[in-house]
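All of these numbers come straight from a predicted model, not from anything done at the bench. Here is how names work: the chains are called A, B, and so on, in the same order as the sequence lines, proteins then strands, and each is numbered from 1.
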Amino acid sequence: MYGSIEPNEDHCIMSIKEYRTAIEARGGLLVVRDTPGVAFGDRVRIENHAGQIRNGQVIRAADEEVLILVFEGTDDLDLENTWVRFLDEPVEIALSPEILGRELNGLGEPRDGRPPVLSGLRRPVGGSAINPAARTYPREFIQTGVSTIDGLNSLVRGQKLPIFSGSGLPHNRLAAQIVRQARLVDENSSFSIVFAAMGVSYADAKFFRDEFANSGVLRNVVMFVNLADDPPVERLTLPRAALTAAEYLAYDLDRHVLVVLTDMTNYAEALREVATAKGDVPARKGYPGYLYSDLAELYERCGRIHDRRGSITMMPVVSMPSDDITHPIPDLTGYITEGQIVLSRELHNRGIYPPVHISPSLSRLMKDGIGKDDTREDHPRVAAQLYSLYARAQETRNLASIIGADELSERDRRFLEFADAFDSRFVTQGEDEERSVIETLELAWALMAHFPRDQLTRLQETDFARHLPHDDRP
Amino acid sequence: MDDAVKDANRTGRVRDINGPIVTIELPGARSGEQVKLGELGLLGEVISLRGGDAIVQTYESTDGLRPGEPVRGLGRPLSVELGPGLLGGIFDGVQRPLEAIALASGDHIRRGIDLNALDRAREWRFTPNPALEPGARIGGGTLLGTVPETATIEHRVLVPPGIEGELEEIAPAGDYDLEATIARVRDAHGASRRLGLYHRWPVRQPRPYRRRDDGVAPLITGQRVIDTFFPQLKGSKGAVPGPFGAGKTVVQQQIARWSNADIVIYVGCGERGNELVDVLETFPQLDDPYTGRKLMERTLLVANTSNMPVVAREASVYVGLTMAEYYRDMGYDVVMLADSTSRWAEALREVSGRLGQMPVEEGYPAYLASRLAALYERAGRVETFAGASGSVTLIGAVSPPGGDFSEPVTSHTKDIVETFWALSKELADARHYPSIDWVGSFSGHVHTAAEWWHQEIDPNWEQRRTAALALLARDAELSRIVNLVGPEALSDPQRWELEGAALIKEGVLQQSALDDIDTFCSPAKQFALLDLAIEIYRSGESLIRLGVPVSELQNLPLLAKMRRIKSLYSSEELDRIQGFRDEVEEAMEGVRIEYSKLDRGAGVE
């Protein structure tokens, strides 16, 4: 279990301090007395009466005592026979190109039954803030092959775009489809994938593992997995370990990395669990006041940096408790990420895949990644036009549900038809259907062609001349 | 400041590390004093004292810090350097220069890094004030001379507040670096003091001025829904609350780009790194619409992105405000944008939580409202000690959790500010941008702004504005009916009212920040569009009274053109908008003539 730290053992052993002075154990926290000079944030190893080894981290360090967060929990510890070793190093993981194709836990230790990653290169998982002056604005379009994303909520390299979902919605299938299809239009290069699963079910983890194996991307994927029945506290280091691996792949190995974090709700719940045990003052729904800062520490590790060839793009999956987008986890996530893709239960129940609800979905970085030199020059206006038609169509739908479709005017009926065609032709696509962005835009034009030009106020004359399908021209 | 030097370098030790809150032993520590912690020299600030212990909030991550490590007291509160070289710069939450840090420490910010905010090596061309002779009485605010800081902004070198006496000497015109002495002054006790091109000022202490004045002129932002509907005066305080995705940041960036202030200070407080980079990369390319020079020459940025240490986030707003007041004291109109004050409040909450203070609403400390009020109170139009008029306009973005405007930060802010631009999720979802909701927003400055508009643009401004808002209010009422029973239930005049409101919404209120032409709209064009929309509505209204069916008017192509005209003609092409107005009159007249014929025909039968 502690295999990967073995190589360090010999040269550290002299400086390692070992104590049997635990005075308190509760809710995953261990208090140890008389431990001068222990550094805040350092890694700890704990051996219980039965000789079992656990991992921990110092989360408060004072002259008299230190507080340790025990990743595997404090069950079955006693105070007399618990030996605590301060390893005098931060929580870090070993990095080498060999991590690709591996499945690791939140501390970078193997879960796949293979030997530990051996490398002289170890980095602390905490990371540090990117200097905003060293960042480059993300502007390279990523084609995901999904119309609602490419056409209306485009993803760019270096962006963090979460999927807001609900229990039972096909967010995993959509995430897997994006992982399979994501490519840069001109380079046709694919991504290295860092996949971080926090508190997911065995079935979900298996789904992704099989998905990666079947589509042949497995040798390009590193998986960090913590299952629903694994210790929750480990979920706090897991995304950090995954992002440390992503930074290594992007900035040391010059790769474009796509990070999928699922499910952030489980992460936040683990954070709440620990915060409550520590006695932190709760803010909303029992989550600690620093939930925003903590999430930002993770999300903000993605981006583009000057003079670095690699990049980190992130797709966190957030399942909204009770489908409530104002719940603290999706809410704070939305304030940090550059937009969101929102899945709708209503669309899902109508059998529409992917059930992307475009109204609340948004990509903030879209404006600079699309248009003339990136996708096609009419793209920004087409997106704006589709959104405005869809908003109007939704109002018409509401109206029709009250007064009946027969009572609608000719004009309104056209919106109703549009709404149906939009859902069935534009939103709906197969799980293996990969549409190029040009195909997506042509599809949009085919839908808009049913409206008279004076209702298409977001488009320009030149757009009509160039893109309006000829046979439909009024 | 001389005081500070004496008790600087007292040393002590670290006792307890609890995230960003560190307890230290430091004899003689003062509340508010800056300290350096540990071997790395992490920067922190004493926030409270208890017995022999001092509680410190640190501006940097404390990972790896150990009890027993040394501590050094700097003997001064958190303060900023004020002098030429600030403009065009980008600083972190405690005014460290991020570009210089990138050169010194690479992509990530190394902890404990200590760099001066202002470049000591750079020389500035100083021209002394010709009115000053040795022997003159000088005091805080006296103009010593000027330095061309950028091509657009003349930096006025003033005697710092609190210094008074007789001028002993003043440097002749020439190039000086920041450490050079440019004047000497003898104070009342006979002590001689040297003055340089810069000084330090504690950020939590508002800079003094002679007198507070009322605002007189609106801040022109080039955004119709702001300038025309909810105007803000220079020197006032406003807030932009909105849920995520409603477009707060775009509204703030548009104000930073297009407002007619002399200086713009943009404080990115706990927001997205990529968005700050957008500002960093695009501003140097953009031209200032008022001077034709680069926008960056009048802009400075303070950046504490959401992943940077939370305590520096709390400080960043004060750092920005102090620099804003510094330029105000030179007689400039300064706009400071704080994006977002909610993150600032959350930083307060986080620190208070770690100190174990009793929370009141949603975990916020009891002093949230008073701190917030004191913060906004630093905005204002003042008469400076030099007798000039300068202002600080403070616009804070608010990010209410879940878009709930009744939460503590939004509701307290609403009580304090004079202008409130409420962003609506519904409008944003329908891609109606800027999504400033005309129902929930307010401006306390309409009458003062009206005086300006009536004098500068058109005496009908206030009347047109009121007409437009009345139409929008009718629209809300009628829409409720439509939602219940469908549009067929409405009479022709009512349906024309809906059409009129739609013209206001789409032709006037909606404004695309991405459209090359429409991104900025001059006051004259704003009025022309508003006037035109009202004019179309009114002439249509009188035609309907004559019996013209509403469908006849709805089919007029000019309605579609009215929606597009904002992005067809720029602010310089008012004559073409006038041309369209003539077309409108002609078309309406055509309809009238046709119907009066029909009418007469009917009468004969």
Side-chain angles (χ1 to χ4, degrees), chain A residues 36-42 60-63 90 126 128-138 158-159 280-284 288-290 292-293 296-297 300-301 303 305 308 326 328 331 334-336 338-340 359-360 362 365 367 380 384 387-388 391 398-399 402-403 407 409 454 457, chain B residues 15-18 23 61-68 90 98-99 101-102 106-109 111 244-245 270 272-278 280-281 303 305-308 310 343 346 349-350 353 359 362-363 399 401-404 429-431 482-488 506 514 557 560 563-564:
Chain A
V38 174
F40 178 79
D42 265 9
R60 179 165 187 174
D63 279 340
S128 60
I130 301 174
N131 185 336
R135 280 185 190 264
T136 305
Y137 191 63
Q159 182 175 12
D280 290 335
V281 176
R284 286 169 66 210
Y290 50 81
Y292 177 84
S293 308
E297 250 176 49
E300 280 287 341
R301 284 171 81 171
I305 294 182
R308 300 283 190 152
T326 67
D331 188 49
Y335 276 120
I336 305 164
E338 286 115 5
Q340 64 279 336
S359 300
L362 172 74
L365 301 185
K367 62 183 168 66
Y387 259 110
S388 113
N398 293 342
L399 185 60
I402 296 166
I403 61 169
E407 298 295 311
S409 67
D454 67 353
T457 53
Chain B
R15 288 209 336 92
D16 182 356
I17 306 124
N18 179 14
T23 307
S61 159
T62 51
D63 282 358
L65 189 65
R66 296 162 197 272
I90 164 168
L98 285 170
E99 271 158 340
I101 288 179
D107 301 340
H108 298 265
I109 300 169
R111 289 186 294 159
F244 67 81
R272 305 175 180 90
N274 280 334
E275 269 171 6
L276 264 167
V277 183
D278 188 18
L280 280 179
E281 288 186 7
T305 54
S306 56
N307 57 338
M308 287 159 87
V310 65
R343 307 296 162 229
E346 283 164 9
R349 174 170 72 183
E350 186 166 339
E362 307 214 355
S399 319
D404 169 16
D429 281 353
R431 298 311 191 254
V482 172
N483 284 338
L484 285 177
V485 289
E488 311 303 324
E506 291 169 51
L514 304 178
R563 289 170 162 87
R564 256 186 224 148

Rounded at 0.5 Å granularity, tell me how far [atom1] in [X] sits from [atom2] in [Y].
{"X": "B/Glu275", "Y": "A/Glu338", "atom1": "CD", "atom2": "CD", "value": "6.5 Å"}
{"X": "B/Arg111", "Y": "A/Ser128", "atom1": "CZ", "atom2": "OG", "value": "8.5 Å"}
{"X": "A/Thr326", "Y": "B/Asp404", "atom1": "OG1", "atom2": "CG", "value": "8.5 Å"}
{"X": "B/His108", "Y": "A/Asn131", "atom1": "NE2", "atom2": "CG", "value": "9.5 Å"}

Donor-acceptor contact below 3.5 Å, side chain [X] vs main chain [Y]:
{"X": "A/Glu300", "Y": "B/Gly273", "answer": "yes"}
{"X": "B/Asp16", "Y": "A/Asp63", "answer": "no"}
{"X": "A/Asp454", "Y": "B/Pro557", "answer": "no"}
{"X": "A/Asp331", "Y": "B/Gly402", "answer": "yes"}

field: Shortest non-hydrogen contact between A/Asp42 and B/Arg66, atoms and distance
entry: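 For A/Asp42 and B/Arg66, the tightest heavy-atom pair comes out as OD2-NH2, 4.2 Å.
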- prompt: What is the minimum heavy-atom distance between A/Gln340 and B/Phe244, and which atoms define it?
  reply: OE1-CE1, 3.3 Å
At a heavy-atom separation under 4.5 Å, does [X] approach chain B through its side chain, its backbone, both, or neither?
{"X": "A/Pro132", "result": "both"}
{"X": "A/Ile305", "result": "side chain"}
{"X": "A/Ala283", "result": "both"}
{"X": "A/Ala62", "result": "both"}
{"X": "A/Leu399", "result": "side chain"}
{"X": "A/Ile336", "result": "both"}

Please classify the contact between [X] and chain A as side chain, backbone, both or neither, with a heavy-atom cut-off of under 4.5 Å.
{"X": "B/Arg349", "answer": "side chain"}
{"X": "B/Arg564", "answer": "side chain"}
{"X": "B/Arg431", "answer": "both"}
{"X": "B/Thr305", "answer": "side chain"}
{"X": "B/Glu99", "answer": "both"}
{"X": "B/Pro401", "answer": "both"}
{"X": "B/Ile101", "answer": "both"}
{"X": "B/Leu514", "answer": "side chain"}

- prompt: Among B/Leu276, B/Ile90, B/Leu280, B/Thr62, which residue forms the greatest number of heavy-atom pairs with chain A at distances under 4.5 Å?
  reply: B/Thr62
Most contacts with chain A, counted as non-hydrogen pairs under 4.5 angstrom, among B/Gly68, B/Gly353, B/Ala430, B/Gly64: B/Gly64
Quick one: are [X] and [Y] in side-chain contact, heavy atoms under 4.5 Å?
{"X": "A/Gln159", "Y": "B/Asn274", "value": "no"}
{"X": "A/Arg135", "Y": "B/Asp107", "value": "no"}
{"X": "B/Glu350", "Y": "A/Val281", "value": "no"}
{"X": "B/Asp63", "Y": "A/Phe40", "value": "yes"}

Best-contacting candidate, A/Ala391, A/Gly303, A/Ala134, A/Gly37, against chain B by heavy atom pairs under 4.5 angstrom: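 Heavy-atom pairs under 4.5 Å are most numerous for A/Gly37.
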query: Do you know which of A/Gly41, A/Ser388, A/Ala296, A/Ala61 has the most heavy-atom pairs under 4.5 Å to chain B?
result: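 So the answer, after comparing A/Gly41, A/Ser388, A/Ala296, A/Ala61, is A/Ala61.
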A/Tyr292 six-ring centre to B/Arg343 NZ/CZ under 6.0 Å and within 45° of normal: yes
message: Using the rule given for salt bridge (charged side-chain N to carboxylate O under 4.0 Å, His left out), can you reason through B/Asp278 versus A/Lys367, listing the C-alpha separation, both sets of side-chain angles and the distance that settles it, and then say yes or no?
response: CA-CA 11 Å; B/Asp278 188 18; A/Lys367 62 183 168 66; 3.1 Å; yes
